[in-house]
Asks: 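My questions all concern the structure below.
Because the structure is a prediction, the values reported are computed rather than measured.
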Amino acid sequence: MTRTVELTTWLDAPPEAVWDHAQTSALLRHVAAPLIRFVPCGGRFPRRWTPGEYRAWMFVFGILPIGWQVIGIEFPASPPTAHVLRDNGHSPFVRRWDHWVEIAPGDGCTRYTDRVHIDAGMLTPLVAGFARLFYAHRQKRWRALAKNGFHALRK
């Protein structure tokens, strides 16, 4: 059983600035907090994502462990006016967490879309509900970051 969750928001920042930040592990940590904390297994995340698999422990609210997840970074071909980043992830409980981020110019702003295809067996409806909550949270954090010129990432 597969479910797709898709959310789009508009960011008050140029697409190139949004794309630049989307490629960093600092952005992941910031937009996921405090709902989820990702801790790399056996090392560090790269400052900028490169194609490959990164395993991370996940903690709800930063303290409750919920297991590990593979973050499978890819940069698929993009339409001429957009940028695309894919996290083709999975975990022991989620067979497929195929997350696509699309960043495209809007009317003086940036259109940002999270689309994730989820297969977690019988848990798929529950995991999809969490994904909707998680991506709404991330997009709220993105909007605040963009509004403030990404200053929170420069600490």
Side-chain angles (χ1 to χ4, degrees), residues 1-9 11 13 15-78 82-104 110 112-146 150-155:
M1 167 189 321
T2 298
R3 292 257 175 108
T4 299
V5 173
E6 181 174 324
L7 283 86
T8 296
T9 194
L11 303 175
E16 292 307 318
V18 173
W19 176 241
D20 185 51
H21 289 292
Q23 297 176 73
T24 68
S25 57
L27 185 280
L28 171 65
R29 286 190 299 272
H30 182 84
V31 296
L35 191 58
I36 297 288
R37 181 169 56 106
F38 291 91
V39 177
C41 298
R44 307 172 117 175
F45 290 138
R47 191 182 78 69
R48 293 189 72 78
W49 296 114
T50 57
E53 289 193 351
Y54 306 89
R55 191 173 289 204
W57 294 105
M58 297 184 308
F59 297 84
V60 174
F61 301 117
I63 54 172
L64 181 65
I66 57 172
W68 58 266
Q69 169 96 12
V70 166
I71 300 170
I73 299 295
E74 301 174 16
F75 295 99
S78 303
H83 297 286
V84 176
L85 182 148
R86 181 182 188 195
D87 167 13
N88 193 8
H90 59 88
S91 73
F93 300 108
V94 179
R95 289 185 284 253
R96 181 178 182 209
W97 183 274
D98 190 5
H99 177 212
W100 293 71
V101 172
E102 184 177 299
I103 296 166
T110 299
Y112 175 95
T113 300
D114 286 302
R115 182 180 313 106
V116 63
H117 308 286
I118 299 163
D119 178 3
M122 291 177 52
L123 295 176
T124 299
L126 180 66
V127 174
F130 170 78
R132 182 165 299 285
L133 172 79
F134 180 60
Y135 288 122
H137 169 79
R138 280 174 44 115
Q139 290 185 6
K140 179 180 177 184
R141 303 270 294 168
W142 259 111
R143 288 189 302 272
L145 265 176
F150 299 99
H151 293 296
L153 294 178
R154 296 186 185 122
K155 291 180 180 177

Asks: Would you call the rings of W19 and H83 parallel, tilted or perpendicular, taking 30° and 60° as the class edges?
Replies: parallel
Asks: Quickly, which of K140, H99, E6 forms a side-chain hydrogen bond (donor to acceptor under 3.5 Å, both in side chains) with Y135? Name it, please.
Replies: H99
Asks: Is any side-chain heavy atom of T8 less than 4.5 Å from a side-chain heavy atom of Y112?
Replies: no
Asks: Under 6.0 Å between ring centres: does that hold for W49 and Y54?
Replies: yes
Asks: Taking the side chain as everything from C-beta on, heavy atoms only, tell me whether D119 gets closer than 4.5 Å to T124.
Replies: yes
Asks: List the atom of D20, the atom of T24, and the distance in Å for their closest heavy-atom pair.
Replies: O-CG2, 3.7 Å
Asks: Where do L27 and W142 land on the side chain to side chain contact (heavy atoms under 4.5 Å, CB included) test, with the steps shown first?
Replies: CA-CA 9 Å; L27 185 280; W142 259 111; 3.4 Å; yes
Asks: Going by side-chain hydrogen bond (donor to acceptor under 3.5 Å, both in side chains), D98 matches just one of R115, R86, H90. Which one?
Replies: R86
Asks: Minimum heavy-atom separation for A82 to E102, with atom names?
Replies: CB-CG, 4.2 Å
Asks: How close do V18 and A13 get, counting heavy atoms only, and between which atoms?
Replies: CG2-CB, 3.9 Å
Asks: If you count heavy atoms of other groups shown closer than 6.0 angstrom to CZ of F75, is the number above 12?
Replies: yes
Asks: Look only at the side chain of Q139 and the backbone of L7, and say whether a donor-acceptor pair between them is shorter than 3.5 Å.
Replies: yes
Asks: Could you point out which residue of L28, I36, L133 forms a side chain to side chain contact (heavy atoms under 4.5 Å, CB included) with R138?
Replies: L28
Asks: Kindly indicate whether the side chain of H21, heavy atoms from C-beta on, has any atom under 4.5 Å from the side chain of L145.
Replies: no
Asks: If every non-hydrogen atom of A120 is compared with every non-hydrogen atom of R95, which pair is closest and at what distance?
Replies: C-NH2, 4.2 Å
Asks: Are more than 12 heavy atoms, taken from residues, nucleotides or ligands other than R48, located less than 6.0 Å from that residue's CZ atom?
Replies: yes
Asks: Measuring only between side-chain heavy atoms, which start at C-beta, is F59 closer than 4.5 Å to L64?
Replies: no
Asks: Please check this pair: side chain of R141 against backbone of A33, looking for a donor-acceptor N/O pair closer than 3.5 Å.
Replies: yes
Asks: Nearest 0.5 Å please: distance from the CD atom of Q69 over to the CD1 atom of I71.
Replies: 7.0 Å
Asks: Report the distance from atom CZ of F93 to atom CH2 of W68, rounding to the nearest 0.5 Å.
Replies: 10.0 Å
